[in-house]
Amino acid sequence: MADKTILIVDDTPANIAAALAILKDQYRTRVATSGAKALEHAGAADKPDLILLDVTMPDMDGYEVCGRLKADPETASIPVVFLTARTEAEDEAKGFELGAVDYIHKPFNPTVVRARVHTHLLLRDTLKQIEERNAALDEKTRMLESLSVKLSKYLSPQVYASIFTGSRDVELATERKRLTVFFSDIKDFTATTADMQPEDLTAMLNRYFTAMSKIALAHGAHIDKFVGDAMLMFFGDPETRGVEEDARACVRMAVAMQRQMVELQQEWRASGFEQPFEMRVGINTGYCNVGNFGSDDRMDYTIIGAEVNLAARIEAAADPGGILISYPTWALVRDIVRAEERGSIAAKGIRREVRVFAVAGLLDDHDPAPVVRA
């Protein structure tokens, strides 16, 4: 440890000479003959690695020096070893209370002094390495936390939570489950927005998606994706409250969204948009394949199947500002909604005719489903 510096603090030349003789071959040494000088050396840019400190000195004794060293954040980490003729237990206890790491009695044994100095320097280096590693880990933790927050914006809360808690593996795997699928779009979106400036359109769409997303998350939906002006969501995976409750949550969400659209339309008109967006919603319940699709390097958690396509076909048949649901969904929610049957529709790609129902509202006027203020 020849690169370590030991500060010897003593006002007696003989004691200084003895300490130098023991340490000078192994360490760089400095000498301070008073408490004030000791504090000056300790506060310098090239601080000592360890201080051998006498207790009995004029003007400022070793206890006061140690106390000041430990009170200053710049010098608090420097190990202090008392070298003193005082042998009373109370003196020793006082030194440790002030923050000293050791207490060596005079006349001291050279072997003991060297061994204890070596031990405390080694201990200080070890603690310093641990602190540096902890600091590096803290920085990495902060970086990972920041990264995870950013990644959470690209994942649904359910998928994000399942990945970060380890309950779901990131692998290409799917399951067949009975889900309730929500699909919506903006009526005549292309024609409505043809003359809009890109900045206005972007702001309007983001406002719309933000408001709808808040409602979706409040009801527990998995937001699958935004495609242009369309939204695909589903209930039943990766979390489920049962097929019936999933369907009810989806319909309550759709009603809350259409209520929110009324407020958004008023807001947009007040901002100068003559033709504010009108949303159509289609909901269907059926068996879908759900899970991770794609490649080993790039995958997407989503759903596929005829029942997903059917939700989109039902949505296309909905009235502007309306909610159209399939018979399987209606059968699960009929005791909570006011709905009228609209007959059957022929959906492209679906062999059977599909009975659909238009939702006019919820039977409970005090519906517990939240209407989120955007």
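All values below come from the heavy atoms of this structure, side chains included, with hydrogens, waters and symmetry mates left out.
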Audit row: Leu121, His118, side chain to side chain contact (heavy atoms under 4.5 Å, CB included) steps and yes/no: CA-CA 5 Å; Leu121 287 172; His118 176 81; 6.0 Å; no
Pairs touching residues 335-361 that satisfy ring-ring contact (aromatic ring centres under 6.0 Å, His included), sequence neighbours left out: Trp330-Phe357
Pair Asp319 + Arg342, salt bridge at N-O below 4.0 Å: yes
Contact check, side chains of Met231 and Ile223, non-hydrogen atoms, under 4.5 Å: no
Aromatic ring pairing Phe234/His222, orientation class (parallel under 30°, perpendicular over 60°, tilted between): tilted
Connected via hydrophobic side-chain network under 4.5 Å: Ile6 and Val80: no
Under 3.5 Å: donor-acceptor pair, side chain of Gln258, backbone of Met279: yes
Test item: Lys47 side-chain N/O and Ala44 main-chain N/O as donor-acceptor pair under 3.5 Å: yes
CA sep, side-chain torsions, deciding dist, call: Gln26, Lys4, side chain to side chain contact (heavy atoms under 4.5 Å, CB included): CA-CA 9 Å; Gln26 291 180 278; Lys4 303 297 184 184; over 6 Å; no
Parallel, tilted or perpendicular: rings of Tyr208 and Trp268 (30°, 60°): tilted
Heavy-atom neighbours of Lys24 NZ exceed 12 at 6.0 Å: no
Electrostatic pair Lys94:Glu97 at N-O distance under 4.0 angstrom: no
Heavy-atom check, side chain of Asp300 versus side chain of Phe293, under 4.5 Å: no
Atom CD of Glu74 with >12 non-hydrogen neighbours under 6.0 angstrom: no
Heavy-atom side-chain contact between Asn15 and Leu83 under 4.5 Å: no
Within 6.0 angstrom of Arg133 CZ, more than 12 heavy atoms from elsewhere: no
Side-chain donor or acceptor of Lys70 paired with backbone N/O of Ala76 under 3.5 Å: yes
Worked verdict on Arg178 versus Asp246 for salt bridge (Lys or Arg N to Asp or Glu O under 4.0 Å): CA-CA 10 Å; Arg178 194 177 182 202; Asp246 290 339; over 6 Å; no
Residues, nucleotides or ligands: over 12 heavy atoms within 6.0 Å of Lys106 NZ: yes
Where at least one partner belongs to residues 197-206, residue pairs that pass side chain to side chain donor-acceptor pair (under 3.5 Å), sequence neighbours excluded: none
Evaluation steps, salt bridge (Lys or Arg N to Asp or Glu O under 4.0 Å), between Lys128 and Asp49: CA-CA 12 Å; Lys128 188 175 181 181; Asp49 296 289; over 6 Å; no
Cationic N near anionic O, under 4.0 Å, Arg280 to Glu278: no
Shortest non-hydrogen contact between Ile51 and Ala42, atoms and distance: CD1-CB, 4.3 Å
Heavy-atom closest contact (Thr33 atom, Asp11 atom, distance): O-CB, 3.5 Å
Val112 side chain near Phe108 side chain, heavy-atom distance below 4.5 Å: no
Listed partners of Asp229 passing salt bridge (charged side-chain N to carboxylate O under 4.0 Å, His left out), at least two apart: none
Note, Asp59 side chain near Ser34 side chain (heavy atom, < 4.5 Å): no
Nearest non-hydrogen partners of Ala38 and Ala32, listed with the distance: N-CB, 3.7 Å
Arg313 side chain near Asn284 side chain, heavy-atom distance below 4.5 Å: no
Sidechain-backbone polar pair: Thr174 side chain, Gly291 backbone, donor-acceptor under 3.5 Å: no
Closest contact, heavy atoms only, Arg124 versus Ile78: NE-CA, 4.2 Å
Worked verdict on Phe235 versus Phe182 for ring pair (Phe, Tyr, Trp, His ring centres under 6.0 Å): CA-CA 8 Å; Phe235 289 76; Phe182 169 101; 8.2 Å; no
Backbone of Thr285 reached by a side-chain donor or acceptor of Thr329 within 3.5 Å: yes
Heavy-atom closest contact (Thr84 atom, Asp54 atom, distance): CA-OD1, 4.1 Å
Any Val81 side-chain heavy atom under 4.5 Å of Val117 side chain: no
Beyond-backbone contact of Asn289 with Arg176, side-chain heavy atoms, under 4.5 angstrom: yes
Whether Tyr287 side chain and Glu307 backbone form a donor-acceptor pair below 3.5 Å: no
N-O pairing of Asp46 and Arg28 below 4.0 Å: no
Contact summary for Ser344 and Glu353, nearest pair of heavy atoms: CB-OE1, 3.6 Å
Stepwise side chain to side chain contact (heavy atoms under 4.5 Å, CB included) test for Met261 and Leu264: CA-CA 5 Å; Met261 282 299 293; Leu264 287 178; 4.0 Å; yes
Side chain to side chain contact (heavy atoms under 4.5 Å, CB included) between Met60 and Leu39, intermediate numbers included: CA-CA 11 Å; Met60 187 188 305; Leu39 294 175; 3.9 Å; yes
